[in-house]
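Single-structure report; data block below.
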Amino acid sequence: MRLLLLTSLSTVCFGFAPLSLPCTRFSNIHLGGILEWGEIESKVFKSILAQPRLVPLFHGLLGKGYRLDHLPFVLMNNKGGEGFSLHGGTIDCTSGEYNSNLAYTHHSGSIRSNLLGCNVMLVDHNDGDGGFCVVPGSHKSNFKMPPGMVDGLEHREYIIQPKTKAGDVVLFSEGTVHGALGWTNADTQRRCALYRFAPATMSYGRSYFQSDGSDSTTKWPKRFYDDLNDAQKAVLEPPYANRLDRANIIDASSGTVEITQRSERKRQHDQEVFKTKYF
């Protein structure tokens, strides 16, 4: 596994510009439910939740207690599969408004991304193939994209498609503008598993509300939890602060976690005042 850390880059997808190809039937085929395929088929996809080489990077970009935010899925394109227009950005690339949901910040030596994209490349993406592409430095932009750029009509020289190998992992802040180019490779089907992760207290998506109806707790789809170790389960927790008994990953290789807690006095206060375990 090679790790390509692209927090300083943005991804670009073109669906309506000359940069994309005419869309052919069945050229875009996306697969959901990748964490629900059973022990064998889903094992490698579930491993990404707390993969030992990725966890230090997740901690560095999201902080301890990071969590899965969106439902992960596999992006697939045959030749002729269209891309998707530029989107995202700490400063929204279309409106120019500040986008706190996707913000990228750096203070006192700490980088934080409110939403982190994680592309697991399942096939080679060679020069000119298309797929994931980025605009370097757009995570620090204070302005919207100039006219024509979001659809690839203008300023093409600033849009980069990273060259990657099967097994590479590309991490990118959603605070960068991002998308995908039309797929041109007739010999290889584009395949890329896309995950989004967030800090402990942040949430963009709401799929963690998909309970089976048996209780009122927030849950992902039931089969997500099959065959997970404690570290992987910790990543499926809903958003709340670390100090409120959140499990933090200590050793991803062994799957061990530790529970972060407030003092006994503070916990007793909540029980006495609010008659509940948490405020």
Side-chain angles (χ1 to χ4, degrees), residues 1 3 5 7 35 42-72 100-118 120 169 171-175 193 195-211 215 217-222 224-271 274 276-279:
M1 176 191 290
L3 302 175
L5 186 58
T7 54
L35 302 187
S42 288
K43 182 176 181 179
V44 67
F45 295 110
K46 289 182 176 181
S47 72
I48 299 299
L49 299 175
Q51 209 280 338
R53 292 186 63 186
L54 292 176
V55 167
L57 297 176
F58 290 154
H59 282 169
L61 295 169
L62 300 167
K64 291 186 176 181
Y66 73 89
R67 54 178 298 276
L68 182 70
D69 191 80
H70 292 44
L71 291 167
S100 60
N101 296 317
L102 308 180
Y104 169 99
T105 58
H106 177 264
H107 297 291
S108 301
S110 294
I111 292 174
R112 286 294 180 266
S113 179
N114 286 356
L115 192 63
L116 184 73
C118 175
V120 181
V169 174
L171 301 180
F172 63 100
S173 170
E174 293 270 355
Y195 300 72
R196 266 69 65 94
F197 296 97
T201 58
M202 299 294 297
S203 177
Y204 187 103
R206 54 178 293 171
S207 293
Y208 64 92
F209 281 114
Q210 294 185 19
S211 167
D215 56 50
T217 60
T218 53
K219 290 183 177 179
W220 294 89
K222 186 175 181 180
F224 272 33
Y225 298 89
D226 294 344
D227 308 305
L228 297 184
N229 61 35
D230 289 343
Q232 294 164 341
K233 289 178 182 177
V235 182
L236 299 184
E237 282 292 289
Y240 58 91
N242 278 318
R243 62 195 291 262
L244 300 178
D245 301 340
R246 192 177 196 94
N248 285 180
I249 299 171
I250 299 301
D251 185 346
S253 297
S254 63
T256 56
V257 299
E258 69 173 0
I259 304 299
T260 53
Q261 291 185 320
R262 298 166 295 156
S263 68
E264 176 62 30
R265 180 182 178 183
K266 288 183 179 295
R267 285 180 282 152
Q268 183 178 353
H269 170 272
D270 284 357
Q271 189 64 53
F274 303 118
T276 183
K277 189 173 182 180
Y278 303 110
F279 57 83

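As the structure is a computational prediction, the values presented were derived from the model and not from experiment.
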Glu174 bridged to Arg196 by N-O distance under 4.0 Å: yes
Closest approach of [X] to [Y] (non-hydrogen atoms, all atoms of both residues):
X: Leu228; Y: Lys233; answer: O-CE, 3.5 Å
X: Ile249; Y: Ala50; answer: CD1-CB, 3.9 Å
X: Ser173; Y: Ser113; answer: OG-OG, 3.1 Å
X: Phe172; Y: Cys118; answer: CE2-N, 4.1 Å
X: Tyr240; Y: Arg246; answer: O-NH1, 2.9 Å
X: Val55; Y: Ala252; answer: CG2-CB, 3.7 Å

Distance from [X] atom [atom1] to [Y] atom [atom2], nearest 0.5 Å?
X: Leu116; Y: Leu57; atom1: CG; atom2: CG; result: 9.0 Å
X: Asp251; Y: Thr256; atom1: CG; atom2: OG1; result: 4.5 Å
X: Ser263; Y: Arg243; atom1: OG; atom2: CZ; result: 8.0 Å
X: Ile48; Y: Gln232; atom1: CD1; atom2: CD; result: 10.0 Å
X: Asn248; Y: Tyr66; atom1: CG; atom2: OH; result: 10.5 Å

I'd like to check [X] versus [Y] (side-chain heavy atoms, cut-off strictly below 4.5 Å). Are they in contact?
X: Phe279; Y: Lys266; result: no
X: Leu244; Y: Arg262; result: yes
X: Val120; Y: Phe45; result: no
X: Arg267; Y: Glu264; result: yes
X: Thr201; Y: Pro239; result: no
X: Lys277; Y: Asp245; result: yes

Residue that, paired with Phe197, satisfies side chain to side chain contact (heavy atoms under 4.5 Å, CB included) out of Leu61, Leu115, Leu49: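 Only one of Leu61, Leu115, Leu49 forms a side chain to side chain contact (heavy atoms under 4.5 Å, CB included) with Phe197, namely Leu49.
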side-chain contact (heavy atoms from CB on, under 4.5 Å) assessment of Phe224 paired with Leu71: CA-CA 10 Å; Phe224 272 33; Leu71 291 167; 3.5 Å; yes
Row check, Tyr208 ring normal vs Arg67 NZ/CZ: under 6.0 Å, within 45°: yes
Trace of the side-chain contact (heavy atoms from CB on, under 4.5 Å) decision for Met202 with Leu62: CA-CA 10 Å; Met202 299 294 297; Leu62 300 167; over 6 Å; no
Spell out, as yes or no, whether a donor-acceptor pair under 3.5 Å connects the side chain of [X] to the backbone of [Y].
X: Glu237; Y: Ala234; answer: no
X: Lys219; Y: Tyr225; answer: no
X: Asp69; Y: Gly205; answer: yes
X: Thr260; Y: Asn242; answer: yes

Tyr204-Asn114 side chain donor-acceptor pair, cut-off 3.5 Å: no
